[in-house]
Amino acid sequence: MRPAGRDAEGRVPATPSIEELRTIAREIRRLVLTSVHHAGAGHLGGPLSAADMLAALYFHFLRLDPARPDWPDRDHFILSKGHSAIGLYATLALRGYVPVDELRTFDAIGSRLQGHPDMTATPGVDMSTGSLGQGLSPGVGMAIGAKLKGASFRTWVMLGDGEMQEGQVWEALEVAARYRLDNLIAVIDHNRLPQYTWPDFGQRGREFPVQNLAGKCAAFGWRVLACDGHDMDAIVRTFDGATRPDGRPTAVIAHTVKGKGVSFMEGAFAWHAKPLDDEALTRALEEIDAQTGLSAPPAGASR
Amino acid sequence: MRPAGRDAEGRVPATPSIEELRTIAREIRRLVLTSVHHAGAGHLGGPLSAADMLAALYFHFLRLDPARPDWPDRDHFILSKGHSAIGLYATLALRGYVPVDELRTFDAIGSRLQGHPDMTATPGVDMSTGSLGQGLSPGVGMAIGAKLKGASFRTWVMLGDGEMQEGQVWEALEVAARYRLDNLIAVIDHNRLPQYTWPDFGQRGREFPVQNLAGKCAAFGWRVLACDGHDMDAIVRTFDGATRPDGRPTAVIAHTVKGKGVSFMEGAFAWHAKPLDDEALTRALEEIDAQTGLSAPPAGASR
Amino acid sequence: MTVPTMIAQREVFGRTLVELADADPRLLVLDGDLANSTKADIFAEAHPDRFLAMGIAEQNMAGVAAGLATLGFVPWISTFAAFAVKRDLDQVRVVIAQPSLNVKIAGAYSGLLTGFTGKTHQSVEDIAVMRAMPNMVVLAPADGPETHAAMVAAHAHGGPVYLRLARDPSPRIFDDGLAFVIGRGIVLREGRDIAIISTGVHTARAAEACDLLAADGLRPYHLHLPTIKPLDEDAVVRAAERTGAVLVTEEHTVIGGLGGAVAEALGQRRPTLLRLHGIRDVFGESGPNDAILAKYGLTPRHIAEEARLLLGQPRP
Amino acid sequence: MTVPTMIAQREVFGRTLVELADADPRLLVLDGDLANSTKADIFAEAHPDRFLAMGIAEQNMAGVAAGLATLGFVPWISTFAAFAVKRDLDQVRVVIAQPSLNVKIAGAYSGLLTGFTGKTHQSVEDIAVMRAMPNMVVLAPADGPETHAAMVAAHAHGGPVYLRLARDPSPRIFDDGLAFVIGRGIVLREGRDIAIISTGVHTARAAEACDLLAADGLRPYHLHLPTIKPLDEDAVVRAAERTGAVLVTEEHTVIGGLGGAVAEALGQRRPTLLRLHGIRDVFGESGPNDAILAKYGLTPRHIAEEARLLLGQPRP
Ligand SMILES: Cc1ncc(C[n+]2csc(CCOP(=O)(O)OP(=O)(O)O)c2C)c(N)n1
Ligand SMILES: Cc1ncc(C[n+]2csc(CCOP(=O)(O)OP(=O)(O)O)c2C)c(N)n1
Ligand SMILES: [Mg+2]
Ligand SMILES: [Mg+2]
């Protein structure tokens, strides 16, 4: 059985229904798990925490045309937390940019689906990323460029919270505010974990990678919105607010859980990136499917 | 006639009197002007805006011994806005680290007084700077190191407001807050001008190099104090507050005027760095002297 | 554009930006708060709407340029060479060089002559760093006219370019309107005794050194390489073949720069006795230009002396 | 420390940090949020109070290390080579290399074999960049035991050191307890037909290539250079003298790295026919190690083939 709306190639067309977006997010999670299992490498925590927002963006908010990935007036999207590439690829596949089956080439030599997003390799990838902290700046460039051109597209950038420790991000926030880039939206995946994190030694405790994100972004002159990054209703409402310009760039702080959807990965920094063995995959997929309400996994997804 | 307390070599010993600190600051300004005039190169706006705070630091707040520049328990000072080197050199000379006459070698080949502070060249310079945005991080290292050693010295770092645009500064602020470095004080010379500034074109206007400094530093978990950076009373009071630990690092935002003390340099971005001809020097020194109340310039200062 | 005998590359830089922008609406200039030093301010006055102040934040500036390039703009980044290369190297690598985006990086105040600012501002390793970066074209023109021509060529090139520029006036070598072909060296002097290879404004000093040698009855061959990458290997091999001994001289560390490029090419195509002359793996300091060139051994006299030393070495 | 036949440098790195720290209270480790990849986590468990998490902020990390070094600590910076070299180059230059402070920079996951992460994480130009930096020692040990020895030597050296390390297990070449002298090369094989010069874990592949050549009746000379700067020029010259033809092979771009260093030395001291083998001035990609080595031409078979090509070239 296919999730509602899935075509013969396994792609899901854009849809505005909250319920369908939820289904797509669960499907993204399945594809993340199966692809990482198949590749024997890749990140899990970050892609899983971003899945709901990727679904909302690609199936509801972004103005785009999968047949024309270079359409100049498309909304632009940059996955600054580039290590979550497989989440983006799963989304792009479901949206029709690449065949879903091609996800099985993730991380393989010669693949269009590189370990980190490569704009020269993958249709639909608007900027190469992977070195953290770099994605917002090209987003600022795109937003300035849109203003210079009089173009109406928006630029969305998704960042990790650990990534917000990189100074370049704050350079970009400052410049974006100065240029009053109300066509720029940063979505911060605030899952409270980076990779190794701040360790649990001494008195310092295993702290968040970054404190007071909302206060910081506001101090830098940005409009700040927040939502539960796993509540599709809230995501849609908040992203919707973000697209109503008020003269400033907008930061959406999405409160998320790293590894969301798989109990043993949730909040576990060890699952940031880790090969997934058969047994773990089975357990993980079972959990996801229990949430989907799908009676059976879609064909091919658990190969 | 020598300013009160000046010894035969032209050095001024540490003094707690506000009035003497004012005199020293004016003397720093004179030495900045004469040295840049003599060198035919160097920065003016930044050193002049920092002069009062340098006087307060080196003649009142810093625990130091000019005879032992490497004394491990000295308070450490980093001039992150390294282009204001001549202001620091003038201060170090008055304080006894180098002969006042040596200021005439500023910028010359083989000199111990390099265009930007060089810790390998100048006694009393605790960190090499000149590439903006870099000074706070070594300060964080020194403050962490002091804690690890159980040493009681403080680390002071002086930054420019334009420099605060550098992302590295925000990385350092974040880490300093996380390590609860209450032995670290950043003094921000908020003179509202960087070098070329944000130009006066289009609708953007010639804006400050950085907005809402206090709010930003507070959002990054720092205690924030502010003062008029040219009012010696206020400087001493505020720095004094900064040295009373409250568990956080402290930022002092000093509201200053770039080029302070010389009317035609004040607030003029063109005087950021500019050779000073004889006539301009004479006019500038006259203005400074009118403020000093000194009946005549000290011997040698206007050669 | 008429050019006096001595001209500063930065002046030509500012004026040429205006000229290129007049002809091509895609051109934008991004400034790291140094426009009145780099002379990008000439452009700022002429095209205020296409001058993008980026503050003192070089990493972001490189990224913004990349974003603009994806929209079809041709952004020129302008700051000091020291910061253009080293403060944002990871950004240049990941969002400019790896996707080979059409961004030009103008490094002002390269080499040791940086107006008394000293070692933090002197860029002694920028050629070595940029040359090692895949997809990057590296240019170092010799004078005003060649700077103009190199900028025209760089702008026409569809990928990333690093342009190494000097601060202070230097002697004119070329006529206005010369053609600049990326990857092509220029023989400034034919001769059989020794080949001198140079780049950037240092070429004028090498040319003077050739005069000194010629006055002594020697016949130096002088090859100027305004493109360091891609290297004109054929020209280098020809210089070696003509003379059997090659002195490379540059206002850059002797490690990995033009000397390294020549050594790699000759070792593989025509092993030849080399001498690599430049900054001897040290950082610089502040001082007047003459004193710096003298202390760091980069005057025409020093170059001529190096040539004589090389000539005195036994050839294999 | 007993070492199995295949061992990952990163494991040795973590364990040696502990060992060095046990003996020297000045040692601190600064981590760029990668300790469980770089294996600095072994140190974090053993010496939690001397493990300083620095978050994902490499520029600040370099500066903090500099500040600590001025107090007499010996900070080891640990992150991926790609970021250790390129994300903080201006910081490494200004507060570490220029004042020559006693900071060690450990670049993990160097070269192309970075666990499927691809071009942003692959460090193909780090040797070229670090070698051009005055005051910097550049080390690239071949295996586990040599990593241990190189770390002991690096820690004893009173200035900045860049240590290039690999991620995945590689074959043991040396016995435990070998002596490591900074600046000294090691002849792994005597021979007269051709010299092969290599560094880092790639030396194991070069050694295998020598076996292949020897199986064909050739007599390759193999020089391993675990120090790239300062270069053991005498060893390089000897290799050239013995054989008359030198193949440099490295898991690094062919521009400006070990090949560049050897070319500069030989051109000046003993011009010799060279062949520079490595990554051909391109960025890499993700994939399994075998596939990457095959695609980028870095297997023992490729090295042997390069040697044969060089042998077939006419000698000057
Ligand atoms: C400049 C840089 N430093 C280090 C890394 C290695 N790294 C990859 S992911 C990661 C943690 C990222 O954490 P976060 O931004 O919170 O992402 P998420 O939690 O969404 O996975 C790190 C340190 C990198 N890719 N880039
Ligand atoms: C990384 C870096 N970028 C650019 C410069 C060039 N520069 C020197 S001073 C200056 C302006 C500094 O402004 P600010 O920090 O406000 O200092 P102040 O006003 O006190 O002079 C600039 C851009 C530099 N020294 N370092
Ligand atoms: Mg996170
Ligand atoms: Mg200022």
Side-chain angles (χ1 to χ4, degrees), chain C residues 58-59 82-83 85-94 97-98 100 119-120 124-129 131-136 229-231 240 246 248 252-257 259-276 279-283 310 313 315-316, chain D residues 58-59 82-83 85-94 97-98 100 119-120 124-129 131-136 229-231 240 246 248 252-257 259-276 279-283 310 313 315-316:
Chain C
E58 296 79 6
Q59 298 190 106
F83 310 129
V85 173
K86 278 155 285 195
R87 192 53 166 263
D88 55 5
L89 185 60
D90 197 37
Q91 289 75 22
V92 167
R93 177 178 71 109
V94 170
Q98 289 188 346
S100 207
K119 62 171 77 157
T120 52
V124 305
E125 358 60 348
D126 55 321
I127 294 176
V129 172
R131 192 170 77 83
M133 189 73 65
N135 298 333
M136 186 65 66
K229 186 180 183 183
L231 191 74
V246 174
V248 184
H252 182 276
T253 172
V254 288
I255 296 182
V262 168
E264 290 161 15
L266 287 181
Q268 297 193 86
R269 294 195 38 191
R270 194 187 192 285
T272 304
L273 185 64
L274 273 183
R275 198 171 171 97
L276 304 185
I279 302 160
R280 296 174 211 284
D281 195 22
V282 294
F283 292 109
L310 175 55
Q313 278 179 246
R315 311 258 172 125
Chain D
E58 295 79 6
Q59 299 190 105
F83 311 130
V85 173
K86 279 156 284 196
R87 192 54 166 263
D88 55 4
L89 186 61
D90 196 36
Q91 288 75 21
V92 167
R93 178 178 70 109
V94 170
Q98 290 188 345
S100 205
K119 62 171 75 155
T120 52
V124 305
E125 0 59 350
D126 54 322
I127 294 176
V129 172
R131 193 171 76 83
M133 189 73 64
N135 298 334
M136 186 66 65
K229 185 181 183 182
L231 191 74
V246 173
V248 184
H252 182 275
T253 171
V254 289
I255 296 182
V262 168
E264 291 161 15
L266 287 181
Q268 297 192 86
R269 293 197 37 194
R270 194 185 191 285
T272 304
L273 186 63
L274 273 182
R275 199 172 170 95
L276 305 185
I279 302 159
R280 297 176 209 281
D281 195 21
V282 294
F283 292 108
L310 176 56
Q313 279 179 246
R315 311 258 172 126

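Every chain is numbered from 1, with letters handed out A, B, ... down the list of sequences.
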Rounded to the nearest 0.5 Å, what separation is found between the CD1 atom of C:Ile255 and the CG atom of D:Leu231?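 It is 9.5 Å, given to the nearest 0.5 Å.
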Against chain C, label [X] side chain, backbone, both or neither, depending on which of its atoms sit under 4.5 Å from a heavy atom there.
X: D:Ala265; result: neither
X: D:Val262; result: neither
X: D:Glu58; result: neither
X: D:Ala261; result: neither

Exercise for the section: Using modelled atom types only, decide if a donor and an acceptor are shared between the side chain of D:Glu264 and the backbone of C:Leu276 within a distance under 3.5 Å. Expected result: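 Absent.
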Next item on the list: Please answer whether the main-chain N or O of C:Val129 pairs with a side-chain N or O of D:Glu125 as donor and acceptor at a distance below 3.5 Å.
Entry: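 No, the answer is negative, given that no donor and acceptor are paired below the 3.5 Å cut-off.
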Considering non-hydrogen atoms only, spot the tightest contact between D:Gln98 and C:Lys119 and give its length.
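Looking at all heavy atoms of both residues, the closest pair is NE2-O, 3.0 Å.
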Atom of C:Ala132, atom of D:Ala128 and distance for their closest heavy-atom approach: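 Looking at all heavy atoms of both residues, the closest pair is CB-CB, 3.6 Å.
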If you count heavy-atom pairs under 4.5 Å between each of C:Arg93, C:Arg275, C:Met133 and chain D, which one has the most?
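Most heavy-atom pairs within the cutoff with chain D belong to C:Arg93.
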Max heavy-atom pair count under 4.5 Å with chain D, selected residue of C:Ile127, C:Leu273, C:Ile279:
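The answer is C:Leu273.
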Top contributor to chain C contacts, counting heavy-atom pairs under 4.5 Å, from [options]:
options: D:Asn135, D:Val85, D:Val248, D:Val282; result: D:Val282
options: D:Val94, D:Thr272, D:Thr253, D:Leu310; result: D:Thr272
options: D:Leu89, D:Asp88, D:Val246; result: D:Leu89

For this session: Go through the structure and list residues passing salt bridge (charged side-chain N to carboxylate O under 4.0 Å, His left out) with C:Arg269, not counting sequence neighbours.
Result: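 Counting only residues at least two positions away or on another chain, C:Arg269 forms a salt bridge (charged side-chain N to carboxylate O under 4.0 Å, His left out) with C:Glu233, C:Asp234.
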Please assess D:Asp281 against C:Lys229 for the test side chain to side chain contact (heavy atoms under 4.5 Å, CB included), listing each intermediate value before the final yes or no.
CA-CA 11 Å; D:Asp281 195 21; C:Lys229 186 180 183 183; 2.9 Å; yes
- Message: Could you walk me through whether C:Gln59 and D:Gln59 satisfy the side chain to side chain contact (heavy atoms under 4.5 Å, CB included) test, starting with their C-alpha distance in whole Å, then the side-chain angles of each, then the deciding distance to 0.1 Å, before giving a yes or no?
- Response: CA-CA 11 Å; C:Gln59 298 190 106; D:Gln59 299 190 105; 2.8 Å; yes
Counterpart residues, ring-ring contact (aromatic ring centres under 6.0 Å, His included), relative to D:Phe283 (two or more places apart):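 Scan of D:Phe283 (ring-ring contact (aromatic ring centres under 6.0 Å, His included), adjacent residues dropped) gives none.
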Should the pair D:Arg87-C:Asp90 be classified as a salt bridge under the 4.0 Å nitrogen-to-oxygen rule?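 Salt bridge: yes.
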